[in-house]
Structures are given as C-alpha cells and as structure tokens.
Peer 1: 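First, the structure itself, so that you have it in front of you.
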Amino acid sequence: MTPPTTPPVSQRPPAPVLDLDKLLAARLQAARARPYLATALFALHVVASRQVPTMGVDRHWRCYVSPAFVDRTPVEELASVWVHEVSHLLRDHHGRSDRVARERGLTGPGERLRMNIAADCEINDDAFGDGLVEPEGAVRPASLGLPDGELMEEYLTRFRLGPHTEGLAWLDCGSGADGLDREWELGPDGACGLSQEERDAVRFRVAQGINGSPGSAPRQWKRWAEEAFHPPQPWRELLGAAVRSAASGPGAGEDYVYGRPARRSAGLPGVVLPSLRRRPPRVCVVIDTSGSVSDTELGSALLEVAAIARAVGGRRDLVTVVPCDAAARVAHPLCRSEGIPLLGGGGTDLRTGFDRALGTRPRPDVIVVLTDGQTPWPQSRPPCRTVVGLFPRGAAAYDEEDPDYVPDDPPAWARVVEIGAAAR
Amino acid sequence: MPTRTPPDPTDKPFAPAGTARPAGPADPAASQLDVAADLSALLRDSATEPRPDTQLEALTLAVAADLPVLLWGEPGIGKTAALTQLAASLDLPLTTVIASVHEPSDFSGLPVLGDDPAVQGVPLAPPDWAVRLVRAGKGLLFLDELSTAPPAVQAALLRLVLERRIGSLRLPPGVRIVAAANPRSSAADGWELSPPLANRFVHLQWTHDHEVVVRGLGGTWPRATLPRLDPERLPQAVEFARRAVCGLLTARPALVHRLPSAEARRGGPWPSPRSWEMTLVLIAFATAAGSSRDVLSQLVRGTVGDGPGLELLASLDRLDLPDPETLLADPVAAVLPERGDLRQAVLDGVVAAVRARPDRPRWDAAWALLVKAVETGAPDLVVVPATTLATLRREDWDVPVSIESLAGVVALSRRADRAAGRATARIAATTRTGR
C-alpha cells in the first residue's frame, strides 16, 4: 500500500527472497489485533510474486506478496496491510465491483481503479487504530473530500479520477478488490484457491464470530456481519411486492368466478367453466406520522404506492389518500398533482385513519399505512388486506412523560415493510 | 478455461449460398425461402463442449431425488434450455406447460356434466398432456411462468406439484415435476409463496454465466456431464447424511424449526423438520453421486436457507477434519490439513482434547503434533495452541526435548509482540499530535 519505487526492470537490484517469517509475524500480530478476522487471515494462501507492486489478493483467496515490499515495510505496517487485504475478500469487493460495473456500464481499467479506491475507502475509514497503525499512503475518504462510513457503491458515485487522485494510480489490491483479473494471478484453475463454497464458509465463520461476541468489533464490521448473508432488500421492491400481492390476491382484482359462463364454454357443451373477471383494486393510503419523517421520504413512499396501484390495473380515481396529522402538508400537493382523490385530513390516531378509510364506499381492497409505528393499532383485523410501510425509529423516539412506554408492534395481520432500510 | 471439442465432422465451412446452389431456379420466391432455410440451418449448427455446471448438477440431483424444485430466475436466461438438456440426459420426455396461459380447470380438471349428475357425480376431466404423461408412465413436467399466472391458477398448480393430482388422475411416480418462477423484483404481479408452501420446495436460483452465453452465441454451447449415482456408495451416503444432519441438530436444537419473520425472507427456504428431511435426502444423493461441495451448498441452502445451510456445511467441514483423539493416538502418522484456518481448527481441537482429559502421554503427543505442524506449514498458526498447551503443564511433567523445534515459533511470537508494541506507540503518538 506504500507507493512503490519503480526503476526499469533491467536496473533493479536482484530482488530479495520473500521473508516469510516477517510476513507471518505480521499476520500473527494482525490476528491478535483483530481476533474475529483470524479465520480469514489464516485461510489466505501466500504466493510470492515479483509482479505485484505491494500486496494483492485474488478472488480465490490467494494473497500475492512482493518480496521487496515485505523487505522494506515494518512488521506493524504489514499487519495492517494483511487486515486491509482480507477485508476486500470478506466484503466481496470483487463480486460487488462486477455487479456495479454491469449495472452502471463502467468499463476499462480506469473504472476498475476507481472501484479499488472506493473499496479502499470503505475499508480504511475504520480499519486502523486499536493496535493497527495506518500504513503510509492508505486512502481515506477524507483524502478525497468524502465523509466516512459509506459503502463502496456510494463512494463510487462521488469522485472521478483527476489530478487529486494521481497519487493513487499505483494502487493495486488485485482482482480480489476490483474484479479485474491480473496477469500474474493464478486464476481459477491454479493451486490452493478456495472454491465458492469454501469462501462462503470462511466468510460465514467470520460473521458468526462477530455476531457471537459483538462487543469487540467496530460498527462497520458488525453491520457487515449482520448483512453478509442476508443483504437488506431495497424497500421499494418489498413494498411493491407487498402491495401487488395484496391487490392481486384472490378476492381483490382479477380472479376466476363461476358467476358467469366463460367464453370457452361455447366450444365445450356440457362443461361448466369459470370465467376470468377483472375488477380493478381500490387502494387506500393512510398516512400517519408524527411529523418526524422527512417530507421526501413520505412523498416518495406515497408516489411509490400510487405507481404500484396503477401498475396492477388500478386507475387514479381508485387510489385514495387519508392524511392524518402533519402528513396533510405533504399529501395535499402530491394528490393534487397526481390527480388522486384526497379524503379529509385530521385525526391524531391511526385508528381514526382506519375508520375513515373503511368508511369510504365502495370499500377499499387494500389499505396501505405509512407510519412510524408510534401509534395504537386497531383491535380487530380490518376486512381488507393491510400493508404497513414502517419508517423505522431509533431508540430516540419515546414518550417524555412516560419513558417506559413502548409502542405496540404492528399487528400480525398486516404485512410490514421497513421503509428507508439501507439498500445495496 | 473450457477446452474446445474437436469440430463436428458434419460442420460445413461457410459458403455463400449463391455459389453452393445451382443457379437459375425457376421460382425466385421459393429460392429465397430455400436460402433462408440454409441460413437458419447454419445458425442452428453449433458445437458443444464439456463444462462443469453446478446449478444443472444441483437441479439433476434434486429431480433424481424426486423433490419439488422451484427455479427462480429472470425471464429468458435459459431455464427451458436447461430443462431440455436434463430431460434428454435422464431419458424422460419433456412436457412444458406455460402456467400463465391456462385456466385453473386445466389443472384441477374440467367438470363434465353426465346424464344424471345426481347419481353419477360430475367427473373432472384431465387435459390431454396429463393423460399422455400417465400413459407414458414417466416424463419431466416443467411448469413454466408459475409466478405470472393468476392466483387461482397458481392454487390449482400447487396441488398438482405437491399432491401430483390433475383432476381425477394421479401422476405416476416416474413423472418428475419442476416449476419455474420469476423473482418478485421482475414479476409483473409479484406473486410469492406463503411460508408453508415455500417450505415444500427446493429453491434453486438460476443465473446465467456471462462467459457461457457469449461462447454459446459464438457457436459453442456447454455440455454438462451429469452426476451418476454410484450403487456401491449408497449405504455409506445414507449413513453420512444422517450423521451430518443429526449431528448439527443435536448441537443446535434451535435450528430445527425457525419460521422466517422478516418480510425479505418470506417465500424463501427456511428450516423445519420437513425441509431438514429433504436436506438429508439431498446430502445422501449428492454424496452417492460424488458431487462437489458447491453443488451440495446450493441444494442445502436452497432447502433450509442460507444461515442454517451454511452452519450445516461448516459442520460438514468439521466432520471432514481429522479427529483429535486419532491424531493424539498416533502423532507420527498424523496428516494435518493444508489450509491454514482448517489446520488451526485441528490444532485447537487437539489442545482442547488434552485440556478435557490431561495426562502426560497426551500432553507429549500434542507437542509432537505442534512440532509436526511447524515443520510442514506456517508457524504463526501454532502460536496460540502452543501457548495454551504450555499452560496445561503439571509440575511433575518435564518439557519434551522436541519443543526446541518450536523456538522459531517463540521468536515469531515475540516479533509480533514487539511490532504490536510499536504500533500502539505510534497510534498514541499520532493521537497526541492531533492528527
């Protein structure tokens, strides 16, 4: 990770032999400083290579090490580099780079360098300290003028290659960091690589170790461990799926009925066939919020619901909105511009919102509630499907007059989607 | 990289149609169609090459085990092509039913009114393809586009998948059923399984391999060699599968049944006694076929879910590791795993075994094993087991002579200590200067 000096090949002094003891002493220090990463550190297979500038990893968990780099770097810095490189693999930076490259159409070595830099930013903002020094020349988000604590994908959208990144052009953590195969790497058929299943097993064991004793790991690693095998789904898709399946399930929208003969019946005398009847679903959105939800969040959730309702065949006049409380401020202009009928606002209690929604004639097929959950819920199940879009509230949300008050969870008959959950 | 198969001798070099055909046909319109047919034939002419395909292997094993499989995959990525290949290799006629263009009565049976329904009842007539399947006695039934069918059709189809009934017909045991669905992010009407239904399927994620598609469009499609069950390994496979599942569930009773609570995991695989039984069957099949861990991983995670599946695979890894007691009994003959993390797990296990039942010969044997580990692999792995083992020493036990071989380990450990000390000092210094 230190910028290498690169004299022409012919003038180079004879390269030293890899000082394995020094490298392994560094690994031992790394494993002591970060015990939860020990399994992953020990699973790496060391390959001495004169072509890699410093240290790099490939996606098969081989670690390529330049003997000259080991020679000139102190043990304590090597330990930090070990942790840095293994972090690329644990966080699946190669797979995520490939996905980003496909999704955003990023091609060429320059883009891969950007991915390497972004991946380094994701790791380095909290990898060092507490027993590990920061190696010379490590890329920090701050050095690019970016905030700490974000993901590689987010950093990627925030900077371009330019004069301020020129000093980073030497950066090369191998295909394990950015997904681009290097010529010195042994490839999938080479010896001592880990198969996909073995890699998953190692990552799983590390995640289990962090989840098992969460006290010792920094926040970013805890987040990684929680999400490593259950990546959070984007709330738009979840909300969409919940509303769609509520609106197109039996009893709402289209389905087969025996009430009228099917058109096929003419060809099959004596056979009673059901016919497909279509009744566009009516969706009623109840917005209940104490005002602490940002207008943008609320507005995008409302627009999302309206768009989904239209997609399942509802017409604009079949989507109604019942704003409660402060939400009227957002609901009014949105409904006006979208042509959605608005039912009078008011009411501080979600139950009045339910009553109002169920009081409309004809009755809605689906009620979508957008709420922060700090509310009493109806005692009995409403006579239609209910989807709850829940704006998550941290520990900060509590009643000052009654600190022991814990708001009820949404009832079991509702399908709950957390809105605003991080999406990769 | 896949190797190219020798070119098919029937491959014709490309020749412009005009030069290959006799010139001046009587009907110009017909000749244009002939040329078009030639062009189509040339386009269809493609070679195949052997290539391992874990997802096809997993599908084959699940189908062979006669468990209901649900393929999840975006539209148009070759699920149908895979099923065609599978049917050919299993020697089963393939029947594809596109669920979304059918009506529920096509699957539950069409009610036919007889002369006197009050006396004879109303029979439910099955569709022709079902009758053909029953008559053939075997076949591969592929229910495509399950997720875009209206809910009533899906309900009828699930009865077919799970109870194998179509109207009054019951599908013979030789018929295997595979269903396919689009993931809900791309499904037009976002149908999803309820948890009880999801629990009855082996969920396989079907993805395309970029390289395979590009090579295939270039004229060379992969030909997967499908797993063959080895008759001699059957008892051993059953024994292994039972040991694997029972071993894990004995140690982790909480994993036996865990209904998914999060919205994101509804409709996917989750652990229950039923899905564990399916897992057991699949492990036995994969073992009998000698399949790789990657294949097993897809099957197990597709049956009980990622978390429990990975735990099972991790405990299989431990089953594969040498038993500490065997190693202690004969340290000279011991073979330690090559991979560092596994080797460390073995050494930790050995030290734990000595701690559990400490006596002099076992303590000496453990030192011999550590020496062996240093001689055959990375020394840093040995530091923690050696430190722990040293603390187990009783007063009257002499330090074995062989321990001198561990001098390098001690030096390595000291070196790491010194580096850690320097690191702490450096961090303290930068903090003071307010960096």
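Here is how names work: the chains are called A, B, and so on, in the same order as the sequence lines, proteins then strands, and each is numbered from 1. The structure presented is a predicted model; accordingly, all values stated were derived computationally and were not measured.
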Peer 1: Is it the backbone or the side chain of B:Arg301 that comes under 4.5 Å from a heavy atom of chain A, or both, or neither?
Peer 2: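 Contact with chain A: side chain only.
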Peer 1: I'd like to know if B:Arg415 and A:Glu76 make a salt bridge, using a cut-off of under 4.0 Å between side-chain N and carboxylate O.
Peer 2: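 No, no charged N to carboxylate O under 4.0 Å.
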Peer 1: Using a cut-off of under 4.5 Å on heavy-atom pairs, state which of A:Val75, A:Leu20, A:Leu24, A:Asp130 scores highest against chain B.
Peer 2: A:Leu24
Peer 1: B:Ser413 versus chain A, heavy atoms under 4.5 Å apart: side chain, backbone, both or neither?
Peer 2: both
Peer 1: If every non-hydrogen atom of A:Gly131 is compared with every non-hydrogen atom of B:Ile427, which pair is closest and at what distance?
Peer 2: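 Looking at all heavy atoms of both residues, the closest pair is N-CD1, 3.6 Å.
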Peer 1: Say you draw a straight line from CG of B:Asp380 to CG of A:Asp21; how long is it, rounded to the nearest 0.5 Å?
Peer 2: 9.5 Å
Peer 1: Could you walk me through whether B:Leu310 and A:Gln208 satisfy the side-chain contact (heavy atoms from CB on, under 4.5 Å) test, starting with their C-alpha distance in whole Å, then the side-chain angles of each, then the deciding distance to 0.1 Å, before giving a yes or no?
Peer 2: CA-CA 10 Å; B:Leu310 284 160; A:Gln208 254 188 332; over 6 Å; no
Peer 1: Should A:Gln29 and B:Asp417 count as side-chain neighbours, where that means a heavy-atom distance under 4.5 Å?
Peer 2: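 No, side chains not in contact.
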Peer 1: Contact between B:Arg422 and A:Glu77 at the side-chain level, heavy atoms closer than 4.5 Å - yes or no?
Peer 2: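 The answer is no; the side chains never approach within 4.5 Å.
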Peer 1: Using non-hydrogen atoms only, which part of A:Ala43 is less than 4.5 Å away from chain B: side chain, backbone, both, or neither?
Peer 2: both
Peer 1: Is A:Arg32 in contact with chain B via its backbone, its side chain, both, or neither, using a 4.5 Å heavy-atom distance?
Peer 2: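 Looking at A:Arg32, just its side chain touches chain B.
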Peer 1: May I ask you to name which of B:Leu342, B:Leu412, B:Val383 has the most heavy-atom pairs under 4.5 Å with chain A?
Peer 2: B:Leu412
Peer 1: Take a 6.0 Å sphere around CD of B:Gln205 and say whether it holds more than 12 heavy atoms from other residues, nucleotides or ligands.
Peer 2: yes
Peer 1: Kindly compute the distance separating CZ (B:Arg339) from OG1 (A:Thr39), expressed to the nearest 0.5 Å.
Peer 2: 10.0 Å
Peer 1: Measuring heavy-atom distances to chain A, does B:Glu311 have an atom under 4.5 Å in its side chain, in its backbone, in both, or in neither?
Peer 2: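 Contact with chain A is through both the backbone and side chain of B:Glu311.
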Peer 1: With side-chain contact (heavy atoms from CB on, under 4.5 Å) as the test, would you mind laying out the steps for B:Gln344 and A:Leu41 before giving the verdict?
Peer 2: CA-CA 11 Å; B:Gln344 210 207 10; A:Leu41 285 167; over 6 Å; no
Peer 1: What distance separates B:Asp341 CG from A:Leu194 CG, expressed to the nearest 0.5 Å?
Peer 2: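 Taking CG in B:Asp341 and CG in A:Leu194, the distance rounds to 7.0 Å.
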Peer 1: Output the distance between atom CZ (B:Arg414) and atom CG (A:Leu28), rounded to the nearest 0.5 Å.
Peer 2: 13.0 Å
Peer 1: At a heavy-atom distance under 4.5 Å, which candidate from B:Thr424, B:Leu381, B:Leu296, B:Leu313 has the highest pair count against chain A?
Peer 2: B:Leu381
Peer 1: Pull out the residues in residues 196-206 of chain A that come under 4.5 Å of chain B, heavy atom to heavy atom, sorted by number.
Peer 2: A:Gln196, A:Glu197, A:Glu198, A:Asp200, A:Ala201, A:Val202, A:Phe204, A:Arg205
